[in-house]
Amino acid sequence: MAKLDFAEESLVERVQRHYKEAQQHTKTWRSDAREDYGFVDGSMQWSENDAQVLRDQLRPVLTFNRCGPVIDVVTGQEINNRQEVRYIPREQGDKGINEVLTGAAEWVRDGCDAEDEESDAFTDMVTCGMGWTDTRMDYEVDLDGAVIIERIDPLEMHWDTGARKRNLADARWLLRVKEFSRKELEDKWPDKADEVVGPNAIWGDDLNDETPHISHAGDQYANASESTDTKRDGFINVIQYQWWETEEIWRVADPLTGQLTSLTKKQYNEMELLFQEEGHQLQGVKQSRRKYKQAFIAGEIELEEGDCPFDDGFTFKPMTGKRERNTNTWYGLVRSMKDPQRWANKWLSQIMHIINSNAKGGLMAEKDAFENPRRAESEWADPQSITMLKQGALSGQRPKVIPKPPLTFPAGLDKLMEFAVSSIRDVVGVNVDMLGNREGQNTSGIQDFQRISQGVTILASLFNSLRRYRKEQGRVLLHFIQKYLSDGRLIRISGKEGAQYVPLIKQEGIEQFDVVIDDAPSSPNQRERTFSVLSGLLPGLLQAGIPIPPEVIEYAPLPQSLIEKWKETLTQAKGPSQEEVAMLQQGIQILQAENNRLRNDMQLKTQKQQQEHALKTEDKAFEQNLEAQDQTFDEQMARNEHELDVWKTQQELDIKAMAARDRAN
């Protein structure tokens, strides 16, 4: 059980203890992981003992690698459905910042080929159960500093043996064993490099557990060295150790702003003295928080110690496969495929052996039946040879020449072979549709897609670990962008207004963004499915006069250069803006209101005139004048209504014409 009080031992002693605990805890896992990789590439599907037995018996050692394609199809699903991180703000006013940060993350990931590194780490996780990446700053690639996201070999990593959550979310420490050349060591730690010699580097140089040589007959070695991680001559193992420990802090209210401020114990004591000198009492609450730190150790020498580059976690980010509860270790898909693959190889080798040796199998003969017994023994297995018998050995047989016994094949052996082969994919849930091997059935594309989706559902736990990793890594990347890259440098961001260069400027408090995982438009499968749906919607939208945003073109399965050119053309050929359309609609409403007012006024005037006409019925001249006024009024109203209708029709035609020009462009 690991100690909880780090203060009781030195840093080097703690790292040594943690390494030994992890090495002992994962010793079996590391051996299995090496074998997992050997199964995927086909180099270790036979144990050396079994292979040596077959060689001694002159039997074929056949390997038909079926594990590799299964791993390839699962990793291919990740490659064809890659995802990217988008930063969603918590407040509406942060929308502009969100777009800059999302564009900056895309710029950083493109610069270091992060998606390729993460695909390699996902392959590691599918293979052995653990995939790792590291996020760091590199000042050799870019003198101003470049964020690098790179895959780490899982066998270089060691982790807290008590961590049980997915992606080791509850780990208290992680460490990596990395080889440094003498020159690299001198360049990075010039003051400490000379101390890492002789006895000081003994435990650091002996980090990889080696399996002893086991000799066999014929001076051959089986398991000559199962470890492929032996340290190269001239290189020194350096441990990069990251951990967190609790730190005492005080939360006090800023007297000037009234906002809560976090102070270390030393800062709080100093501020408290200042307040006491002024005759005031400082109000604060004592709390504790995690403090993430990092150190580099070589042998017994502490090369460097300081704060972790990421304030809120480790820069090492794992992906974990399936967890074995009893041993608290993680495993991938290869573990379940090993036995079916072994049996498939053995059945195939056995069948070949039966075919090659069946002719002399089970033969019983008298000593004097053959002219040359030794020659008969060697020729009997050859169906093309003639085995000579002594005179009279075939007495009672007519004719004197008979064929050799036909080849007999054990019943059911082919079915066992087929069962072993099909079990390789069945035990992990990868169906033949995902492999593209279904034959002899005419099925629709919808049925094929459903079968593939069912296979992906079985593997959902692996992709869930990948999704959680992306969120965690997205937070690390956001911190690196703000802390190390926000120095005013210009980055290229593609937005609604096209590509533009925006300066990165550090802003306090923006790391409280929500990290949202979104399907990347660069994923071929995602682009194809999205554009297929849009293809059915676009005609109806265009017919209804609804404008289509240029971002739709990003999902078209077209070359990227053509997509960018198309987006640029659509952006430049803008139709009427929303403000212009709103102004036109407002003008129509005003004219309609004015027409209604005039209509009401004329109605009131008509009523008044009718009342006057009723009082002066005797005055015919007045009646004639009133009729003339009524006729004039009706004509004027008709002209006004006609002019209004013409104006409204012209405005609607102008709007439709502008929308049609926009769609045509």
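All residue numbers in this chain count up from 1 along the given sequence. FYI, side chains are in, hydrogens and waters are out, and symmetry mates aren't considered; it's all heavy atoms of this structure.
A 6.0 Å sphere centred on CD of Gln24 holds no more than 12 heavy atoms belonging to other residues, nucleotides or ligands.
Ion pairing of Arg342 with Glu35 is present here, as a side-chain N (NZ or NE/NH1/NH2) and a carboxylate O approach within less than 4.0 Å. Between Glu150 and Arg136 there is a salt bridge, with a side-chain nitrogen of the basic residue lying less than 4.0 Å from a carboxylate oxygen of the acidic one. Looking at Glu48 and Arg55, a side-chain N of the basic residue comes within less than 4.0 Å of a carboxylate O on the acidic one, giving a salt bridge. At a threshold of 4.0 Å, the pair Arg335-Glu324 counts as salt-bridged, since one of the basic side-chain nitrogens sits closer than that to a carboxylate oxygen.
Checking side-chain atoms of Glu13 against main-chain N and O of Ser10 turns up a donor-acceptor pair under 3.5 Å. Panel note: side chain Asn167, backbone Thr320; a donor-acceptor pair is recorded below 3.5 Å. Formation of a donor-acceptor pair under 3.5 Å by the Thr26 side chain with backbone atoms of Trp29 is not found in this model. Side-chain N or O atoms of His479 include one that pairs as donor or acceptor with a backbone N or O of Pro309 at under 3.5 Å. At least one donor-acceptor pair closer than 3.5 Å links the side chain of Arg182 to the backbone N or O of Ala193. Judged by distance alone, with hydrogens and angles left aside, the side-chain atoms of Trp46 form a donor-acceptor pair with the main-chain N or O of Leu62 at under 3.5 Å. Proximity of a side-chain donor or acceptor of Asn81 to a complementary backbone N or O of Gln77 within less than 3.5 Å is detected.
Ring pair Phe296/Trp189 is tilted by interplanar angle, where 30° to 60° counts as tilted.
With sequence neighbours excluded, the residues satisfying ring pair (Phe, Tyr, Trp, His ring centres under 6.0 Å) with Phe122 are Phe463.
Separating the CG atom in Asp116 from the CZ atom in Arg109 is a distance of 10.0 Å, to the nearest 0.5 Å.
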